[in-house]
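Written out below as structure tokens is the structure these notes cover.
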Amino acid sequence: IYSSSLWKVVYKEFIVWLLLLIASTLLYYFVIKAPVLIVLSFVTNIVLTRWQSVYLQLLWPENVALTLKYFINEHMPDSKSILTVAQRYFLLCAALVFRDVNVQIRDNYFPTYESFIEKGLLTKEEKDIMFSTQLKPTACRYWFPLLWIIQLVKKRYNAKRGLLGTRKETLILEKHYCELVNAINDYRAGISDIMSYDFIPIPLALTQLFTFFIYSTLFLGIFSFQSRVFDSMQAPDASLPTVLSIQFISAAMFNLFFIGWLRIAHIILNPFGEDDNDFPMCELLEQYCDSLYQILCVPTDVPIYKKGDKPLV
Amino acid sequence: IYSSSLWKVVYKEFIVWLLLLIASTLLYYFVIKAPVLIVLSFVTNIVLTRWQSVYLQLLWPENVALTLKYFINEHMPDSKSILTVAQRYFLLCAALVFRDVNVQIRDNYFPTYESFIEKGLLTKEEKDIMFSTQLKPTACRYWFPLLWIIQLVKKRYNAKRGLLGTRKETLILEKHYCELVNAINDYRAGISDIMSYDFIPIPLALTQLFTFFIYSTLFLGIFSFQSRVFDSMQAPDASLPTVLSIQFISAAMFNLFFIGWLRIAHIILNPFGEDDNDFPMCELLEQYCDSLYQILCVPTDVPIYKKGDKPLV
Amino acid sequence: IYSSSLWKVVYKEFIVWLLLLIASTLLYYFVIKAPVLIVLSFVTNIVLTRWQSVYLQLLWPENVALTLKYFINEHMPDSKSILTVAQRYFLLCAALVFRDVNVQIRDNYFPTYESFIEKGLLTKEEKDIMFSTQLKPTACRYWFPLLWIIQLVKKRYNAKRGLLGTRKETLILEKHYCELVNAINDYRAGISDIMSYDFIPIPLALTQLFTFFIYSTLFLGIFSFQSRVFDSMQAPDASLPTVLSIQFISAAMFNLFFIGWLRIAHIILNPFGEDDNDFPMCELLEQYCDSLYQILCVPTDVPIYKKGDKPLV
Amino acid sequence: IYSSSLWKVVYKEFIVWLLLLIASTLLYYFVIKAPVLIVLSFVTNIVLTRWQSVYLQLLWPENVALTLKYFINEHMPDSKSILTVAQRYFLLCAALVFRDVNVQIRDNYFPTYESFIEKGLLTKEEKDIMFSTQLKPTACRYWFPLLWIIQLVKKRYNAKRGLLGTRKETLILEKHYCELVNAINDYRAGISDIMSYDFIPIPLALTQLFTFFIYSTLFLGIFSFQSRVFDSMQAPDASLPTVLSIQFISAAMFNLFFIGWLRIAHIILNPFGEDDNDFPMCELLEQYCDSLYQILCVPTDVPIYKKGDKPLV
Amino acid sequence: IYSSSLWKVVYKEFIVWLLLLIASTLLYYFVIKAPVLIVLSFVTNIVLTRWQSVYLQLLWPENVALTLKYFINEHMPDSKSILTVAQRYFLLCAALVFRDVNVQIRDNYFPTYESFIEKGLLTKEEKDIMFSTQLKPTACRYWFPLLWIIQLVKKRYNAKRGLLGTRKETLILEKHYCELVNAINDYRAGISDIMSYDFIPIPLALTQLFTFFIYSTLFLGIFSFQSRVFDSMQAPDASLPTVLSIQFISAAMFNLFFIGWLRIAHIILNPFGEDDNDFPMCELLEQYCDSLYQILCVPTDVPIYKKGDKPLV
């Protein structure tokens, strides 16, 4: 009787204990996971939207350069010089922006404005003009090259405009000048949006709060996990190692997942950083140089087509 | 037999009590946390979207000023005066807007319209024009300076337009006048959107409701926490202090987190307030003054480029 | 022995009962709250998006009026009459739209089209033209005034166009006519979007379903709460009143919150209703009248600036 | 002693049983509800966004027709014929689109292209042109009428363009031709987007998956509900009927709600179907006919305004 | 007494065991389901947005081709040749893009640039021009055909422009050249966005993390399910098979659902893959060929309308 009674009691105890352990484990993960998931989704959504808008705005001077090329009258003697200078100015603008947003680019490539001169992106006269203004020495100067491109075109455009009979000899037509100004203004506004994310950094406060929250939640989770392990020790059981190892593996996996997600969110937050996944700025500069050269400085050979060409059907 | 029976009973009790305590603690956090998280995400999403649209619309008169500069014929004798006045008008418009949306700016810098005159942003005649209308004295007047800029240009533009042979002598061409009007209209519409957030403030009712909900939830949470502490007191136990201190720390942390989040949401809600994270309006005004001066009042020196310039490869 | 045994049993019972009561209470709130929160967030998101798009589209004839003013040649004799009539037509258009979307405006201000004539917004001849068409008597007629404005301008524009030497004498230039047509077409399309929300009201079916769901959930919640109270009555206990009063307060608070949220969602759903938070249409009409008068009918005095004006630094 | 012991045991059992029943009921609803709610919100969000974009793009040829009317020189002899034909072509385009997307329209109104001829929307010659191409017989042909409108205008426009002195005699000016082409191109692109939702139907795979998931979840829920009822039968109790009837009512209500929501999502998914809530296409065609007739074929009477008109104040 | 006591104990045990089993089952599903659902919704939302933006940008050269056709003066002798060549260039551009983004197309259709020549999409001279630049051999060359189209038009446009009296003889007017450049620039920018998703693939890191998380969660779920089955084995019971089979069916169904969802998300992630649901590129190329031929190479017959045509009423 006693032994069966003992068994009965132990059996009941064992099942209750086991089920409560499992339930509390699941609840524990759920309670940790759900808020962290909600917060992570929310943060990632914000930073991903921002990343995409930065990505779509900053890059790609090609379109502006193509607009310039398409509208310039290439029969004018000046046109070739202007396109050549414009290539340098577009590159200089990109380099100035990259220097402002990325510490690595600033330290390794362009520590001072002299280094632009050394690399041939800037002349001494141009640097003097950039610093002869009332602007503070630390203010952004990325928009000078864009201004110069417009001024170069406007100067020549002004000299001849209005002489209708000699339109062929103008550098650019008034309607086309308009489109060029709009294209460059849009490009400048896109860069300006990016630069001012630094100036008014409210979302940063938000993300710092979230980072703090997620790390401390995970930290408390570890603490709570160990206390559970400790409690379990006092009730040794055959199936304990199995249960604990499953718990340990899944806990490790979840923490890995959350840390990984948070890390990616941080990388996306500052797309101009030094991480592997950030924008590869040096390569971008080289690629700009290549494509701007191809667009602005190489006279495009148009293939000769034969009159008898038939359409593809 | 008795002692073992006693032990058995106490042991069972202890485990049940401990597990139920933990489970109820976790449930408690979860029940408090999940709705607050959902509500906070929702509110933050709304206010952040709004903040960004305000941010992208209000700021940056630079683009409009650049449009004006690019399209004005700088060979005309009037052009320099007009650009100089335009700088003042753009600043005046920004100051009028800032005064309307920010109490601090109004009280400290521009208590009355006289103070604009004192700071040189407005002349006496201009103020008389602004108040000689049928508009109510308290109505917005930020759009007067923008109207004046257009009228100044249109007046001169009208006088000469249509004389095709003398295009060189017009202040602005008809196509370019068009673009200028569009740019200034868009700028005005952006400001108008911001001003009318005050006029029809439905989302405010929503956010007040949310604030009330979150605070009262947290308040109830504190109350409920204390009653749980009190209950636990009646069953003194060795591990109680540990459990309670963990509970206390995590409760404090979560409340800190939620209050912090709510606080940031409130700061973002009114980006024109006096908080540390709000738009730094005084600095913005100074910065506008600098950049508008640079754009409109300084004749841009275009660097002289040499004919033999080679493209960068 | 017996007394201690009794105590032991009662003690155990009491704790289990109390904890289960708390757990079930929390679960209850959570089960009621979570779906209601999700559904409410979803509905509010939809209606808020819609509200904002209505808000951004309907209001503000100012921009169209400014476009008209900027592009009309004010030296032409007709120009003043046209601007004066345009003010009336813009107001008439807004009044027709408000009458169609808001029952209160229709009943109190404009029960029939005669009332527009009484208030001076419409002449008898104009009303005859509006009703001499094949359109059904109940069809929208808000676009007639906009059509008339364009036709008034086009008539004069046609008569003189093409005579390049006398451009100064045209009412409007061809390029500027283009911009005016675009501005008025956009304005009309915005109004048309709003009007057709009534014509194809699918989202209403959705929101009715949601409203029904939320109300019945809350109703069931009350029922379930009372049955819980009743059950608790059968096990009288010292701490019962405290527990119940906390439960009652928090239940009342949550229900208040949900009802409030739903109410705001309904107000936002129809921004043209009679609620306190809806668009104040009568004030809007008066405000339109003021600002359109100021823009279109008052000749703008441009302040005289002195040649020696210095830029602000 | 025995009786009190019996009571004690039964009492404990009863409470535990009742509370566990309630808890499991609530948990059951929550477990069924939460994922279904998340999935339904997600699906509805997708289809509602799509519905709105379809709605905003497809409908409303009025704006294009207005653009045509505003820019056509109505003094030209051809203009009236062209506007009359354009009305038919716009209607034909809408009818072709509606026939392609809606089975009901195809079967009841336009089973073959001959039926367009019968209703006077198409002539025999036009049908021959539409089918004399290399396009497959089943390919879309909705863009032919739009192409014809442009070609009709371009033909006349080409014949006279460039003769500056006779601008008055051109059907349309070059700038205005541009705007017309843009308006019709945008209209065509909008229709093209809608047509290609059928061509590349990935989101359908997603929604089928979701539908399957929701139905099978609800089905399992019914099964699980009945097994719970069956289990409860074995422990008859006074309060059982009450509990069960509450459960039954709330289960029925929730299922009704979910089914209703899913049904609405399906209706929204295909806005061109035959449901009560879909776009009323026949009425739309009639309405288009009326408004296009009014816009294109009725010469607009401009009301005569008196010189002495006073502005409204 | 003993038997009734035994029954009592067994009965209690049985109910507790059954309810705990059900509760843990439900909890289990919920704990597995909720995070997976949140993560899947989040991922699908991201990839679906991306898919739609790709879909709206890549496809449809028809609009650009229509713009070209509408603005070209078809009375010029060159115009027919240019339109014929443009058809080939648009196709070539699409084929180059498809080759870059889809491995299957590259391997099966266009393994080298020679294969373009074989299919008649490219001539030998054109290939030489494409490879005589400083660009790396592996760089994208899809924009050459678009550049050539503009250059072909610009060449002829330049030669005659400005001679106002002979406008009829220009290939394209300056305003219309502008619109053409804008249309082609927008088309190029859309393709450029797509190509650069490969260049800066941060969201991929995110989706890899999510895939790993979902698979391992489901894997752990299976493991945990089996251990539960094993535990239940030790307490054989009549209703066990029923409970287990329900659990098995619903577990299988959920896993199927999640795997299906994840699979669709992966298909959507790379819309250029080889899956059944991806864009059918070969058919798209053929369809482009047909519609571009129809638009650019077939002279549009405008139907002859009769003067006496009456409007439809």
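FYI, side chains are in, hydrogens and waters are out, and symmetry mates aren't considered; it's all heavy atoms of this structure. The sequence lines fix the lettering, A, B, ..., with proteins before strands; numbering per chain opens at 1.
At most 12 heavy atoms of other shown residues, nucleotides or ligands fall within 6.0 angstrom of atom NZ in E:Lys80.
Between E:Phe71 and D:Tyr177, the ring planes lie perpendicular to each other; the angle is over 60°, past the 30° to 60° tilted range.
Between E:Lys69 atom NZ and D:Ile150 atom CD1 the span is 11.0 Å, to the nearest 0.5 Å. Interatomic distance, CD of D:Glu179 versus CD of E:Glu179, reported as 7.0 Å (0.5 Å rounding). The CG atom of E:Leu66 lies 5.0 Å from the CZ atom of D:Arg188; values are rounded to the nearest 0.5 Å. To the nearest 0.5 Å, the span separating CD on E:Glu62 from OG on D:Ser192 amounts to 6.5 Å.
For the pair D:Lys154 and E:Tyr70, the tightest heavy-atom approach, listed with the atom from each and the gap, is CE-O, 3.2 Å.
With a 4.5 Å cut-off on non-hydrogen atoms, D:Asp128 does not touch chain E at all.
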